[in-house]
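Order of the sequence lines sets the chain letters (A, B, ...), proteins ahead of strands, with each chain counted from 1. Side chains included, hydrogens not; waters and symmetry mates left out as well; all remaining heavy atoms used.
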Amino acid sequence: MFNEYLISFKLAGTDRLTDAVVLALDQVKGILESRGVLLEGWDYDGTEGLLLIHLRTSSDWLGKVSAEIERIIREATGSTVELVSLSSQGFVEAKGLLPSPLILGFLMRAWTMRGKYNNLNEVDVMALLLFYFTGYDRARAFLTAPFIGIEPESIEKALRKLVETGYLNSDLSSLSKKGEQLLDTLLPKLRVRPLRPIESLNVIDEEGRLEPFSLDRLASSLYRSGVPPTFVYTILKEITRIVRRRRYISKKALTTLVQSLLEEAGQSPTLAVRFYNYVYALDKLYITRDGESTRMSWSQLRRLSSEVLGERGLSPPPRVVEILSELVAEEVRARVSALYWRLEGQAIDWEELKQLAKLKILEVSYPWAELASTPFDQLSQSYRLLGEKYLQGALESDDFGRRKELAVRGLLFLSSSMLLSLGTLPSNIVEVNLGSLRSMVRKASVQSGVKADLARFCNLARDVLHCPAAATPSEQNRLRRALHEIISLMEKLEKGFKAQT
Amino acid sequence: MKLNVLLNDRSFGLEITVSRVEDLHPHEEVIPSHLEHLIRAFKDSLYQRNPVIVDSSSNIVLDGTHRWAVMRALNYEWIATCNIDYCDPLVELDSWSRLFRPPRDINLDLSKVLEGLEIEPISFQEIGNRDLVVIIYNNVLRIRFREILEAFKKLRFIEEKLTKLTESKPSYVLRTSVERHSRSGIVVLPPRPYKEEVVKIVREGHLFPPKSTRHVVPARPMGVNIPLKFLRSKLLDIELVEEFLRQRSPLLLRPPVLLDREYQEAIIYFI
């Protein structure tokens, strides 16, 4: 059971302690969160040397957690650290009053939309949303209101109206059926919709390769080649206007358009060169290996990434290989885009690229690093326990944003645990892990006994991932059911994996 | 930022904001040594951590007189305040009792301490909320006074004499614990003032001695950390302060909580 607590420490002994405390707390956070304890916030009063830490953990862990924090801070800061009693028990129970950032952000946006519904004005609608998203807790609803710019008194009045109009039950403990139906209709309308992509446009390169045009990719190339952010927006807007009615555009035409726009927008011509070098980097680079140079290609980068990722004896899934290859390519592009002349050709050593891949690997697969010191079966077991703990925490959380965060974290550990059991290297991205598992189900890399359960796990996990944090009552019910089913599936899957090995 | 704190189904309104230092009025004198200590601490600080509690209609500082005096001494234009409605019955007012624990070997001549005061012995049960009494090892002596300010002046007179005689400073204890403490020392229990008396005395330009009143607000914001650089500026936009506060996350801590002292009220700690 996750509860919130505030614990306090008195620190003394060194100068510039505030910076040291920040660094120590990052260590604390990393260690505690890998054990399922959440560090929600902290406050350090440098003049008094008093550190307050807001934690979310189970009560039986609190003693151990306090001792662990004390040890880490003492070692990291070199100061004397003493646990301070905040009550006769030593700690105090705390209650976070604001919803998690995911929900608070949604509420802030919802208020700017000033939504009305039938006989409910915008404040009534917001009162209903606040009440729902603060777990039917009036105290939290009142205190959240000023944080989104609403007077708390108006929320108090609106709640009375919501009871009178039958959207809330009279004891103010939950929504009525009518209130649930309203939120099921209203919430999806308040969600942001992604910009419509330019669907029909394709980019053709000098070698005749065709790929769909991506505004995201163009934006990323502009940012990464060093174009100032204010111009990025102008260029994207202009390019969208130009290409809107076309079916094809050549890579060269696109690059030329951007280069001219950059110059017209008052940027130095050097920036146009940098953009060109960035876009064409991979076409102009050569890899030297054993004295021979060959033109850099995606297949070479994938081979290199696969080699590095495979060093722990587990097979890396194709998507993980692809992500690492992209990161390596990105590094290489960044290097050559710094040149002030138009690149014609440059060589890079295979071993140097491997070192680059190793530097980037933690961005793709943290387990790769852990496997250096922990056997994969042991790591799989600890990930499974942690994953289940997070899912349990998600079920117990009354904040939908936190529930979603904990659920996603839980699924990351569970999917990683399963991949390790199946001899595959997990990634840091839960969607990638689920894709890897799904592909194993499709390719029958797992026994039939496990296959159905694994497929079910993947489907349920996908539903959880797709469920918005600011979910409607119906979506919340489905989410809870999915989490329960995943927890019960885990036991079956564990047995299945054991039988398979 | 206006907050409504729901406590046992009753809503208590408060506003965290900034007020001009010169617009506020203290109701108690300061202890010079404590003020010096706080001034030194403030000079090292970047923030005002906790707002002072102020009555929104009279601008009287109910809690935080020393912090207000520090800001004034350091020429700050603004001070972070928590404005409340003093008339709200949820805001309680009592006084601090003084406890002296003289060493056993000291021969106390109480006639010297109470010299010139009109006293009458009473029983423990007879002590009323509006009495000024001295309790010496279970003997209760009531001291007569006409007006509340006079009672507190007499309290100061007794306190100074006892401090000198016992060679120790008093500790401040709650009315509810006086009977227990009176077995181990000398207790001076001042009367419980009325809120109207506090307002009247301040309006007449008088001050209570230090540590006279004990205001209990049902909810107290702490850790708001308003940057002192804001409070130094001549012009300060309240909207800026509100937006600054919105970056913090309030936590509700149920009493009793031991922070710099024991708090018997709910704490809204901005972390």
Visitor: Write out, in numerical order, the residues from residues 264-271 of chain B with a heavy atom short of 4.5 Å from a heavy atom in chain A.
Guide: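 Against chain A, the residues of residues 264-271 of chain B that fall inside the cut-off (heavy atoms, under 4.5 Å) are B/I268, B/Y269, B/F270, B/I271.
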Visitor: Under a 4.5 Å heavy-atom cut-off, does chain B meet the side chain of A/E40, its backbone, both or neither?
Guide: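 Neither part; nothing is under 4.5 Å.
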Visitor: Would you name the heavy atoms of B/L251 and A/L97 that are closest together and state the gap between them?
Guide: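 Taking B/L251 first and A/L97 second, the nearest heavy atoms are C-CD1, 4.1 Å.
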Visitor: Using non-hydrogen atoms and a 4.5 Å limit, figure out which bit of B/P256 sits close to chain A: side chain, backbone, both or neither.
Guide: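 The backbone, not the side chain.
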Visitor: With a 4.5 Å cut-off on side-chain heavy atoms, are A/P152 and B/L3 touching?
Guide: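 Not in contact.
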Visitor: Return the option, out of B/E262, B/M1, B/R49, with the maximum number of heavy-atom pairs under 4.5 Å with chain A.
Guide: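 Heavy-atom pairs under 4.5 Å are most numerous for B/R49.
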Visitor: I need the B/L258 CG to A/S8 OG distance, nearest 0.5 Å.
Guide: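 Nearest 0.5 Å value for the CG-OG distance: 10.0 Å.
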Visitor: Is the number of heavy atoms from other residues, nucleotides or ligands within 6.0 Å of OH (B/Y86) greater than 12?
Guide: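 Check passes, neighbour count above 12.
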Visitor: Less than 4.0 Å between a side-chain N and a carboxylate O, is that true for A/E151 and B/K2?
Guide: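 Salt bridge between B/K2 and A/E151, a charged N being under 4.0 Å from a carboxylate O: yes.
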Visitor: Checking an interface table here. Which of residues 231-248 of chain B come within a heavy-atom distance under 4.5 Å of chain A?
Guide: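 The list, in residue order, reads B/L245, B/R246, B/R248.
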Visitor: For a quick test of reading the model, state the closest non-hydrogen atom pair linking A/F142 to B/L6 and the distance between them.
Guide: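 Answer, listing the atom of A/F142 first, then B/L6: CE1-CD1, 3.9 Å.
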Visitor: Check this for me: B/Y194, atom OH, are more than 12 non-hydrogen atoms of other residues, nucleotides or ligands nearer than 6.0 Å?
Guide: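 At most 12 heavy atoms, drawn from other residues, nucleotides or ligands, come within 6.0 Å of this atom.
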Visitor: Run the side-chain contact (heavy atoms from CB on, under 4.5 Å) check on A/D43 and B/N225 step by step: do they pass?
Guide: CA-CA 10 Å; A/D43 186 42; B/N225 283 6; 3.5 Å; yes
Visitor: Could you tell me the separation between the CG atom of B/N4 and the CZ atom of A/R138, rounded to the nearest 0.5 Å?
Guide: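 The CZ atom of A/R138 is 11.0 Å from CG of B/N4, to the nearest 0.5 Å.
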Visitor: Need one label for A/L6: side chain, backbone, both or neither, based on atoms under 4.5 Å from any heavy atom in chain B.
Guide: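 Only the side chain of A/L6 comes within 4.5 Å of chain B.
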Visitor: In terms of heavy-atom proximity below 4.5 Å to chain B, should A/Y5 be classed as side chain, backbone, both, or neither?
Guide: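 Nothing of A/Y5, per the 4.5 Å heavy-atom cut-off to chain B.
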Visitor: Measuring heavy-atom distances to chain B, does A/S87 have an atom under 4.5 Å in its side chain, in its backbone, in both, or in neither?
Guide: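 Contact with chain B is through both the backbone and side chain of A/S87.
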Visitor: Mark yes when over 12 heavy atoms from residues, nucleotides or ligands other than A/K10 sit less than 6.0 Å from its NZ; otherwise mark no.
Guide: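 Yes, enclosed.
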